[in-house]
Amino acid sequence: MVSLLGSCLRTTRVFLDPSFSCALYFVHCGHSFHALSSVFVSSLVETFETPHFAKRKLDCQEQCLNSTRQSDIGILVEKVRVGNSHDEILQSLAHDQTCNSIHLSHDLVNRLLFHFKDDWKSALGVFRWAELRGYKHKSEAYDTLVDILGKMKQMDQMEALLEEMKKGQLVTLKTVGKAMRRFSGAGQWENAVRVFDKLGTFGLEKNTESMNLLLDTLCKERKVEQAREIFLELKSHISPNANTFNIFIHGWCKVCRVDEAYWTIQEMRGHGFLPCVISYSTIIQFYCCRCDFCKVYELLDEMEAALGSTPNVVTYTSVMSALAKSEKYEEALEIAQRMRLVGCKPDALFYNSLIHSLGRAGRPQEAVHVFEEEMPSTGIPPNTSTYNSMIAMLCHQAQELKALNLLNEMETSMICKPDVQTYYPLLKSCFRTGKIDSLLRQLLDDMVKKHHLSLDKSAYTLLIHGLCRANKCDWAYCLFEEMIGKDIMPRYRTCCLLLEEVKLKHLYDAAKKIEIVMQKL
DNA sequence: ATAGGGTTAG
């Protein structure tokens with residue numbers, strides 16, 4: 001077994017997953033990529049039989065159980081008619097024999113709430129229905145619902161739920177954080193402060209941590225001046241820490257008042273805290289947005305010289321991406337080099353950005369080298385974004401076959417799965433190469449059936465435009481109807497294009513329907 | 001949520 005593994009390790013790359021510290025069976029072989037055969041997987045499983053691996057196996061079993069619940073979710077989702085009030089939804093579920101025989105678990109509730117994360121009435125209806133069946137919600141589920149209600153600007157409902165949670169002593173700092181953030185996001189920063197004032201009634205303490213939470217929610221919503229006033233009131237009872245000041249630095253940068261950000265650094269020093277890598281990185285980020293790279297380099301040098309605030313992978317990644325965005329590719333790659341020189345360890349986000357920069361710089365072979373050699377040798381596993389960058393780049397280079405190989409690798413990967421963005425460049429390539437009936441159909445089918453991805457506005461736009469150009473406007477019109485059914489409004493240009501094509505084909509009913517949609521835009 | 005990325009449409 002050991003020799004088998006050894007020989008595999010020589011010819012393949014095995015990535016280490018830090019969270020489980022066990023081998024993930026993920027293999028590169030030269031230019032072609034394959035997932036390991038099940039035989040090989042089971043041999044690895046035997047080799048790595050450790051407590052961590054046992055946990056991984058349990059997770060797999062859990063996943064099998066979850067797949068049966070998938071059908072339960074399907075039944076419930078089917079029964080919930082979108083657009084009804086939460087009470088109507090509750091009633092219709094409560095009177096349904098099939099629904100009432102479904103076993104309720106935390107996992108099922110979480111998944112349902114996730115499914116209805118943009119539909120507060122359904123979320124609330126399902127939540128109440130579970131209660132009616134005698135199910136006791138966890139604090140976590142309450143938190144999710146607080147978030148959903150807040151996101152959909154149902155502030156009264158959110159407040160009521162908070163009161164309910166208070167009675168059951170279920171309010172945590174996390175709950176309060178979500179509520180404050182949603183109030184700030186809804187333009188009601190006074191209510192965010194009110195929640196903070198009531199902290200005691202929830203059995204929580206007003207301390208540095210909760211104060212920082214309040215200040216951060218205000219700063220993120222550009223209410224840094226209000227945050228400042230509140231801080232001045234509070235600081236006699238609650239002592240600030242370094243985070244408090246970093247929050248303000250970020251707040252000032254967000255409203256483009258970098259002078260105040262520098263001033264905050266002085267204030268920080270006055271309180272006995274040294275500006276750290278986060279303080280500097282935040283200001284560097286500000287200059288990146290302004291494309292003021294002179295200042296960026298100046299600050300980078302300053303940091304490298306200073307103690308306690310040397311740039312880290314986050315700092316370098318921000319700078320490199322900003323340079324690439326400004327089409328300064330050579331400089332972007334020099335940052336990567338500089339990072340290597342100072343011995344700063346890369347991570348996945350850095351590699352994603354690097355691969356993207358290399359692709360844009362017209363150096364795809366180097367991007368491939370990073371992906372195939374450098375990443376495996378540093379033990380950093382690729383994620384969905386890494387694959388997406390690679391696939392986009394390969395499609396751009398007209399190397400669709402290699403791109404499809406990578407897609408296949410993702411599909412069989414244990415680490416990450418394709419998302420809608422994975423498919424954009426591949427779909428686009430189908431139009432370029434004319435492989436519409438052969439490949440496009442297959443890809444769309446896989447997206448929906450294999451990966452349960454639903455097409456979004458961008459995907460529909462790309463497809464309708466491509467199909468019109470390929471003289472397949474009947475298919476384009478089907479997609480048009482599908483997106484209307486999902487309440488996704490097409491762009492005006494898409495309508496114009498489709499209308500023109502449909503008229504040429506004498507499809508007058510379709511033309512009429514498109515015109516009706518256009519009137520609403 | 002104390003900091004970081006990309007992306008379609010001729």
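For the numbers below, each heavy atom of this structure counts, side chains included, while hydrogens, waters and symmetry mates do not. Keep in mind it's a predicted model, so treat the numbers as computed, not measured.
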Heavy-atom contacts under 4.0 Å between [range] and DNA chain B, which residues?
{"range": "residues 238-252 of chain A", "result": "Asn243(A), Asn246(A), Ile247(A), His250(A)"}
{"range": "residues 314-323 of chain A", "result": "Val314(A), Thr317(A), Ser318(A), Ser321(A)"}
{"range": "residues 325-335 of chain A", "result": "Lys325(A)"}
{"range": "residues 457-481 of chain A", "result": "Ser458(A), Leu462(A), His465(A), Arg469(A)"}
{"range": "residues 198-226 of chain A", "result": "Asp216(A), Lys220(A)"}

Can you give me every donor-acceptor pair (side chain of residues 191-200 of chain A, partner residue at least two apart or in another chain, under 3.5 Å) with its distance?
unit_1, atom_1, unit_2, atom_2, d
Asn191(A), OD1, Arg194(A), NE, 2.9
Asn191(A), OD1, Arg194(A), NH2, 3.2
Asn191(A), ND2, Gln188(A), OE1, 2.8
Arg194(A), NH2, Glu159(A), OE1, 3.0
Arg194(A), NH2, Glu159(A), OE2, 3.4
Lys198(A), NZ, Glu163(A), OE2, 3.4

Kindly determine whether Glu229(A) and Lys223(A) satisfy salt bridge (charged side-chain N to carboxylate O under 4.0 Å, His left out), including the steps that lead there.
CA-CA 10 Å; Glu229(A) 276 178 36; Lys223(A) 293 283 179 278; over 6 Å; no

Please classify the nucleic acid contact of Gln285(A) as base, sugar-phosphate, or nothing, using heavy-atom distances under 4.0 Å.
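Sugar-phosphate: the residue Gln285(A), judged by heavy atoms under 4.0 Å, touches backbone atoms but no base.
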
Using a cut-off of 4.0 Å on non-hydrogen atoms, how would the nucleic acid contact of Arg432(A) be classed: base, sugar-phosphate, or nothing?
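No contact.
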
Charged N-O contact under 4.0 Å between [X] and [Y]:
{"X": "Arg228(A)", "Y": "Glu260(A)", "value": "no"}
{"X": "Lys428(A)", "Y": "Glu400(A)", "value": "no"}
{"X": "Asp143(A)", "Y": "Arg182(A)", "value": "no"}
{"X": "Asp147(A)", "Y": "Lys151(A)", "value": "no"}

Check ring pair (Phe, Tyr, Trp, His ring centres under 6.0 Å) between [X] and all other residues, then give those that pass, not counting sequence neighbours.
{"X": "His106(A)", "value": "Tyr135(A)"}
{"X": "His271(A)", "value": "Phe245(A)"}
{"X": "Phe231(A)", "value": "Phe248(A)"}

What's the shortest heavy-atom distance between [X] and [Y], and which atoms?
{"X": "Met320(A)", "Y": "Ala336(A)", "result": "SD-CB, 4.0 Å"}
{"X": "Gly251(A)", "Y": "Cys219(A)", "result": "CA-CB, 3.8 Å"}
{"X": "Thr317(A)", "Y": "Val313(A)", "result": "OG1-O, 2.6 Å"}

Parallel, tilted or perpendicular: which fits the ring planes of Tyr477(A) and Phe480(A), with parallel below 30° and perpendicular above 60°?
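Answer is parallel, since the angle falls under 30°.
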
Parallel, tilted or perpendicular: which fits the ring planes of Tyr142(A) and Phe127(A), with parallel below 30° and perpendicular above 60°?
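Because their plane-to-plane angle is over 60°, the rings of Tyr142(A) and Phe127(A) count as perpendicular.
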
First and last nucleotide of DNA chain B touching chain A, 5' to 3', heavy-atom cut-off 4.0 Å?
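Both ends considered, the range comes out as dA1(B) to dG10(B).
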
Just jot down the side-chain contact (heavy atoms from CB on, under 4.5 Å) partners of Phe114(A), sequence neighbours excluded, or say none.
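Counting only residues at least two positions away or on another chain, Phe114(A) forms a side-chain contact (heavy atoms from CB on, under 4.5 Å) with Lys117(A).
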
Sub-6.0 Å ring centroid separation between Phe371(A) and Tyr351(A):
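That pair fails the under 6.0 Å test.
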
Residue pairs fulfilling side-chain hydrogen bond (donor to acceptor under 3.5 Å, both in side chains) with at least one residue in residues 492-504 of chain A, sequence neighbours excluded
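Qualifying pairs: His465(A)-Thr494(A).
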
